[in-house]
Q: 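There's a structure below that I have some questions on.
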Amino acid sequence: MKDLELAVAQACKDLFQTERAVELTRPDEQFGDYMTNIALHLSKQLNTNPREVAQTIAEHVKGQVADIEEVSVAGPGFINFRLTDSALFKVAQSHPAQSLAGKTVVAEYSDPNPFKVLHAGHLYTTITGDAVAKLLENAGATVHRLNYGGDVGLHVGKTMWAIVQFLGGEHPEKLESVQSASRLEWLSERYVEGNTAYEDSETAKAEIVAVNKRAYELHAGNDHDSPFAQIYWTCRQWSYDGFDAFYEQLHINKFEKYVPESTVTQLGIDMVQKGLSEGVFEQSDGAIVFKGEPHGLHTRVFINSGGLPTYEAKDLGLAASKWQEYHFDLSVIITANDIVEYMKVVLKALEHFYPKVVSRSKHFTHGVIKLPGGVKMSSRKGNILRATDILQAAHEANRAASGQDNQQTVLAAVKYAFLKQRIGGDIIYDPAESVALEGNSGPYLQYAHARARSILAKTDFQDQSQEFDHLEAGERSLLRKIGEYAETVDKAVEELMPHHICTYLYELAQVFNRFYEHNRVLGDPRQELRLHLVSAYANTLEHGLELLNIPAPEHM
RNA sequence: GUGCCCGUAGCUCAGCUGGAUAGAGCGUUGGUUUGCGGUACCAAAGGUCGUAGGUUCAAAUCCUGUCGGGCACACCA
């Protein structure tokens, strides 16, 4: 309702000689379709009664905008506007803004490490990142989905060490005995062994550190032939294949590519060396560190005393390589929130090299997945909750609730359960609640969609132009709610918060169910108009679910 | 100890660029129902928005203190 905003702004100018941007909000339905509190702000400045100001503006605007049926003043000085039915219909037809048209965005999320297990947090980041990327895309941006992961680093040393132990030496040919379906599982078991040995045995620890170093050397020397290298490359591929299968199962958008840490390591090292000579980094106890204290941050090691780059250095390399490849307008990074402080230090160091990259980067963080009862699902050892555990719990809950195991229902349940909450805090995931067909759940929305589709399927409904006038209350409420879709998506894009869409879709479904309960569609004299409403509703719901990458089947 | 994040109904969460009686789901209690998929609808009970101050015409929302919880703070990622 740009017209209305401008008309009100013009009124303020004409009446009070004041230039002010007017923002309309959605009041409670009983008050109207749009509202502005401009009079409350003006009254302060004019030193007059806010209701009088509101009244004056209301009188002035009345009749000036064709789409407005009624202007009223209420409360301390709110001005409420009620649209004509045909204007409401126009609003319902509007599409989300293409606010990012022509922009290039790099979205990095999921980030599982090869040689390690996919845990519950990865599942959450993956689903969230996918939804955020989709939002950006829907707003017109070209999105490059990147998946970064540690194919070098201490965890690789741990796993590789345990693999060699398991194989009884560096015998790549013995890897054939591992079943292809259980490779990811097998690797994560080796990681746990390696990690345990690292903590329990000084001898093993020294060996693991040495293995870790060999993994770096293998990349530096481009070694694909030595037995050790053969084991490494084979197992790294197993990891990526396993991740691919996992993503496929989740029905998310494909990643453009994996960015293994090893490919940005040298770049990162070079940057640190350069920064060292330029005084950005300094030597300290044999390591190269960045002092964060002058910036209110803390000191972090970028290259350790063994000469190996830490995650910090590699992250510098990653940022540089993203920039060199994409020259993005925006870089979104989604991770768990335990690294917020860490990331601030890295970005502060990066500022020295690429200030523009830092200003265009947005680090998004989310919380931890917990079970009902407050049990935390994250831990160092083998008792972590894996991504597959969550999915399995959802399948079991679905089977228990419905007697059948429907992949689409489970996907909707898990995705919606994760997405409906604002990104940031911890999530308490309740499998039973997520698959329930009652309440604020993914399956509820799927059902709400299928139900509307089934009505349409019973007729030869054609989506032709239709005059929306003299709507009854229930019809009008539904149309009004449908009209909020575009602005809801805009808000979600602006904040990069998909949960706004979830909240909206659920409210939309509730409004529809209310309408459906009290208004007959088929066989009613108002059938044609109501079919249009049902169709518009189903399309909106479907589009919203599609934005969240949640399937919206016609039948359930 | 220092820094960052969080604290809204019994439970799980919206609302937080300040605005009209603080919203929803689950659970609880009570209704509707031979009707397009009742997996619904209607209604009730349930909240000093951790707490104490401050700013403001107006504070769950902004500021400060305080209590409680989480995370991070040099060679892991």
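Because the structure is a prediction, the values reported are computed rather than measured. To find a chain, count down the sequence lines: A is the first, B the second, and so on, and within it residues start at 1.
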Q: State whether the number of non-hydrogen atoms from other residues, nucleotides or ligands found under 6.0 Å of A/Gln407 atom CD is greater than 12.
A: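 Yes, enclosed.
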
Q: Compare side-chain N and O positions of A/Gln510 against OP1 and OP2 of B/rC41 and report whether any pair is under 4.0 Å apart.
A: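 So the side chain of A/Gln510 is outside the cut-off, no N or O lying under 4.0 Å from OP1 or OP2 of B/rC41.
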
Q: Report yes or no: is the cationic atom of A/Arg236 (NZ for Lys, CZ for Arg) under 6.0 Å from the centre of the six-membered ring of A/Phe115, at an angle within 45° of the ring normal?
A: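 Verdict for A/Phe115: no cation-pi partner in A/Arg236.
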
Q: Answer yes or no: does a side-chain N or O of A/Lys314 lie under 4.0 Å from OP1 or OP2 of B/rA77?
A: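 Checking B/rA77 against A/Lys314, a side-chain N or O does come within under 4.0 Å of OP1 or OP2.
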
Q: For A/Arg514 and A/Lys491, take the nucleotide of RNA chain B holding the closest heavy atom to each; which residue's nucleotide lies nearer the 5' end?
A: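 The residue mapped nearer the 5' terminus is A/Lys491.
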
Q: Hey, mind stepping through A/Leu385 and A/His119 against side chain to side chain contact (heavy atoms under 4.5 Å, CB included) and telling me if it holds?
A: CA-CA 6 Å; A/Leu385 195 100; A/His119 55 72; over 6 Å; no

Q: Tell me whether the rings of A/Phe512 and A/Tyr537 are parallel (<30°), tilted (30 to 60°) or perpendicular (>60°).
A: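 Answer is parallel, since the angle falls under 30°.
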
Q: When all nucleic acid strands are considered with a 4.0 Å heavy-atom cut-off, which category describes A/Glu554: base, sugar-phosphate, or nothing?
A: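 Result for A/Glu554 = base.
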
Q: Between B/rA40, B/rC13, B/rG15, spot the one nearest the side chain of A/Asn513, thanks.
A: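 Minimum distance to the A/Asn513 side chain belongs to B/rA40.
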
Q: Provide the distance between the two C1' atoms, one in B/rG10 and one in B/rA72, to the nearest whole Å.
A: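 Approximately 33 Å lies between the C1' atom of B/rG10 and that of B/rA72.
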
Q: What contact category does A/Pro50 fall into here, base, sugar-phosphate, or nothing, at under 4.0 angstrom with non-hydrogen atoms?
A: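 No contact.
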
Q: Provide the Watson-Crick or G-U wobble partner of B/rU48, both distances under 3.5 Å; none if there is no partner.
A: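 Across any shown strand, B/rU48 pairs with none.
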
Q: Just to confirm, is there a sub-4.0 Å distance from OP1 or OP2 of B/rC36 to any side-chain nitrogen or oxygen of A/Arg530?
A: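 No.
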
Q: Which one is paired to B/rA74, where only Watson-Crick or G-U wobble pairs with both distances under 3.5 angstrom count?
A: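 When the pairing criteria are applied, nothing turns out to pair with B/rA74, so the answer is none.
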
Q: Using the closest heavy atom to pick a nucleotide of RNA chain B for each, name whichever of A/Ala450 or A/His41 lands nearer the 5' end.
A: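 Counting from the 5' end, the first nearest nucleotide belongs to A/His41.
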
Q: Please give the nucleotide sitting opposite B/rU55 as a Watson-Crick or G-U wobble pair, both distances under 3.5 Å, or none.
A: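 No nucleotide pairs with B/rU55.
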
Q: If you only use heavy atoms from C-beta on, which nucleotide in B/rC76, B/rA14, B/rC41 is closest to the side chain of A/Asn304?
A: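 It is B/rC76.
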
Q: Is it true that the side chains of A/Tyr342 and A/Arg300 contain a donor and an acceptor less than 3.5 Å apart?
A: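 Not at all, the side chains of A/Tyr342 and A/Arg300 share no donor-acceptor pair under 3.5 Å.
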
Q: Using the side-chain heavy atoms of A/Arg422, tell me which of these nucleotides is nearest: B/rA77, B/rA14, B/rA74.
A: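 When the side chain of A/Arg422 is considered, B/rA14 is the closest of B/rA77, B/rA14, B/rA74.
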
Q: How many whole angstroms separate atom CD of A/Glu341 from atom P of B/rC76?
A: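 Nearest whole value for this atom pair: 20 Å.
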
Q: Using only side-chain N and O atoms of A/His499, determine if any of them is under 4.0 Å from OP1 or OP2 of B/rG15.
A: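 Yes, because at least one side-chain N or O of A/His499 sits under 4.0 Å from OP1 or OP2 of B/rG15.
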
Q: Check this for me, if you would: do A/Glu108 and A/Lys322 make a salt bridge, where the nitrogen-to-carboxylate-oxygen distance has to be below 4.0 angstrom?
A: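 A salt bridge is present here (some side-chain N lies under 4.0 Å from a carboxylate O).
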
Q: Rounded at 0.5 Å granularity, tell me how far OG1 in A/Thr409 sits from CD1 in A/Ile550.
A: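 Answer rounded to 0.5 Å: 11.5 Å.
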
Q: With distance as the sole criterion, do the side chain of A/Glu495 and the base of B/rU17 form a donor-acceptor contact below 3.5 Å?
A: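 It does not, because no donor-acceptor pair links the side chain of A/Glu495 to the base of B/rU17 below 3.5 Å.
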
Q: Under 4.0 Å, counting only non-hydrogen atoms across every strand here, what does A/Ser454 touch: a base, just sugar-phosphate, or nothing?
A: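 Touches a base.
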
Q: Would you say whether A/Tyr506 stacks on B/rG25? The test is a distance between ring centres of less than 5.5 Å and an angle between planes of less than 30°.
A: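 Stacking is absent between B/rG25 and A/Tyr506, given that the ring centres and planes do not meet under 5.5 Å and under 30°.
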
Q: Kindly point out which of B/rU12, B/rG38, B/rC75 is positioned nearest to the side chain of A/Glu433?
A: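 Side chain of A/Glu433 sits closest to B/rU12.
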
Q: Categorize A/Ile339 for me: base, sugar-phosphate, or nothing, with a 4.0 angstrom heavy-atom threshold over every strand shown.
A: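 The answer is base, as A/Ile339 lies within the cut-off (heavy atoms under 4.0 Å) of a base atom.
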
Q: Across all strands shown, which nucleotide pairs with B/rU61 by Watson-Crick or G-U wobble geometry, both distances under 3.5 Å?
A: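 Paired with no nucleotide.
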
Q: Of the candidate nucleotides B/rA14, B/rC75, B/rC36, which contains the atom at the shortest distance from the side chain of A/Leu522?
A: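 Nearest listed nucleotide: B/rC36.
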
Q: Using atom CD1 of A/Ile79 as one end and atom P of B/rG19 as the other, report the distance to the nearest whole Å.
A: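 These atoms are roughly 17 Å apart.
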
Q: Looking only at atom P, what distance separates B/rC62 and B/rC49, rounded to whole Å?
A: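 Pairwise P distance, B/rC62 against B/rC49, rounds to 15 Å.
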
Q: Using a 4.0 Å heavy-atom cut-off across all strands, classify A/His518 as base, sugar-phosphate, or nothing.
A: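 The answer is sugar-phosphate, as A/His518 gets under 4.0 Å only of primed atoms, P, OP1 or OP2.
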
Q: Whole Å only: how far is the CG atom of A/Asp28 from the C1' atom of B/rA22?
A: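 Taking CG of A/Asp28 and C1' of B/rA22, I get 12 Å after rounding.
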
Q: Between the base of B/rA77 and the side chain of A/Thr310, is one N or O donor paired with an acceptor at under 3.5 angstrom?
A: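 No, the side chain and the base share no sub-3.5 Å donor-acceptor pair.
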
Q: Determine whether the side chains of A/Glu23 and A/Thr36 contain a donor N or O and an acceptor N or O closer than 3.5 Å.
A: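 Result is no, nothing qualifies.
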
Q: Calculate the interatomic distance between A/Phe281 atom CZ and B/rC75 atom C1'; express it in whole Å.
A: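 From A/Phe281 CZ to B/rC75 C1': 14 Å.
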
Q: Calculate the interatomic distance between A/Asp426 atom CG and B/rG68 atom P; express it in whole Å.
A: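 That distance rounds to 20 Å.
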
Q: As a test of reading the structure: which of B/rA77, B/rA20, B/rA40 is closest to the side chain of A/Arg451, going by heavy atoms?
A: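 The listed nucleotide nearest to A/Arg451's side chain is B/rA40.
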
Q: Look at the side chain of A/Asn37 and the base of B/rG19, then say whether one donor and one acceptor between them are separated by less than 3.5 Å.
A: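 Looking at the base of B/rG19, it does pair with a donor or acceptor on the side chain of A/Asn37 (distance under 3.5 Å).
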
Q: Taking any strand in view, what nucleotide pairs with B/rG10 in a Watson-Crick or G-U wobble way, both distances under 3.5 Å?
A: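 Paired with B/rC26.
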
Q: Can you tell me if A/Lys44 touches the phosphate of B/rC57, counting only side-chain N or O atoms and a distance under 4.0 Å to OP1 or OP2?
A: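 Result: yes.
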
Q: Please report, rounded to the nearest Å, how far the C1' atom of B/rG25 is from the CD atom of A/Glu438.
A: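 It works out to 11 Å between those atoms.
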
Q: Pick base, sugar-phosphate or nothing for A/Asp524, based on heavy-atom distances below 4.0 Å to the nucleic acid.
A: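 It contacts nothing in the nucleic acid.
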
Q: Is the charged tip of A/Lys116 near the ring of A/Tyr191: under 6.0 Å from the six-membered ring centre and within 45° of its axis?
A: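 That pair qualifies as a cation-pi contact.
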
Q: What does B/rU32 pair with, Watson-Crick or G-U, if both distances are under 3.5 Å?
A: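 B/rA40 is the nucleotide pairing with B/rU32.
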
Q: For A/Asn519, report the nucleic acid contact type (base, sugar-phosphate, nothing); a contact means any heavy atom under 4.0 Å.
A: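 Touches a base.
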
Q: Checking all strands, does A/Leu40 fall into the base, sugar-phosphate, or nothing category for heavy-atom contacts under 4.0 angstrom?
A: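 Answer is base: heavy atoms of A/Leu40 come under 4.0 Å of a base.
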
Q: Can you figure out which of B/rG25, B/rC75, B/rA20 approaches the side chain of A/Asn440 most closely?
A: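 Nearest to the side chain of A/Asn440 among the choices is B/rG25.
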
Q: Is there a donor and acceptor pair closer than 3.5 Å between the side chain of A/Asn80 and the base of B/rA20?
A: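 Side chain to base: pair found, below 3.5 Å.
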
Q: Using a heavy-atom cut-off of 4.0 Å across all strands, would you classify A/Ser402 as base, sugar-phosphate, or nothing?
A: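 It contacts nothing in the nucleic acid.
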
Q: How many Å lie between CD on A/Glu484 and P on B/rA14, as a whole number?
A: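 Computing the A/Glu484:CD to B/rA14:P distance gives 19 Å.
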
Q: Let's test this: given Watson-Crick or G-U wobble pairing with both distances under 3.5 Å, identify the partner of B/rU17.
A: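 Here B/rU17 is not engaged in any pair, so there is no nucleotide opposite it.
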
Q: If you check the A/Ile455 side chain, which of B/rG38, B/rC36, B/rC73 turns out closest?
A: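 Closest nucleotide to the A/Ile455 side chain: B/rC36.
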
Q: Counting side-chain heavy atoms from CB outward, which of B/rA77, B/rU39, B/rU21 is closest to A/Phe31?
A: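 The nucleotide sitting nearest to the side chain is B/rU21.
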
Q: So what does A/Gly153 hit on the nucleic acid, given a heavy-atom distance under 4.0 Å: a base, only sugar-phosphate, or nothing?
A: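 Contact class for A/Gly153: sugar-phosphate only.
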
Q: For A/Glu293, which contact category applies under a 4.0 Å heavy-atom criterion: base, sugar-phosphate, or nothing?
A: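 Result for A/Glu293 = nothing.
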
Q: Please determine whether a side-chain nitrogen or oxygen atom of A/Arg300 lies at a distance below 4.0 Å from atom OP1 or OP2 of B/rA72.
A: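 No, A/Arg300 has no side-chain N/O under 4.0 Å of OP1/OP2 on B/rA72.
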
Q: In whole angstroms, how far is the P atom of B/rC26 from the OH atom of A/Tyr429?
A: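 One finds 17 Å between P of B/rC26 and OH of A/Tyr429, rounded.
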
Q: Report the relative orientation of the aromatic rings in A/Tyr258 and A/Phe243; use parallel for angles under 30°, tilted for 30 to 60°, perpendicular for over 60°.
A: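 Geometry flag for A/Phe243 against A/Tyr258: tilted rings.
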
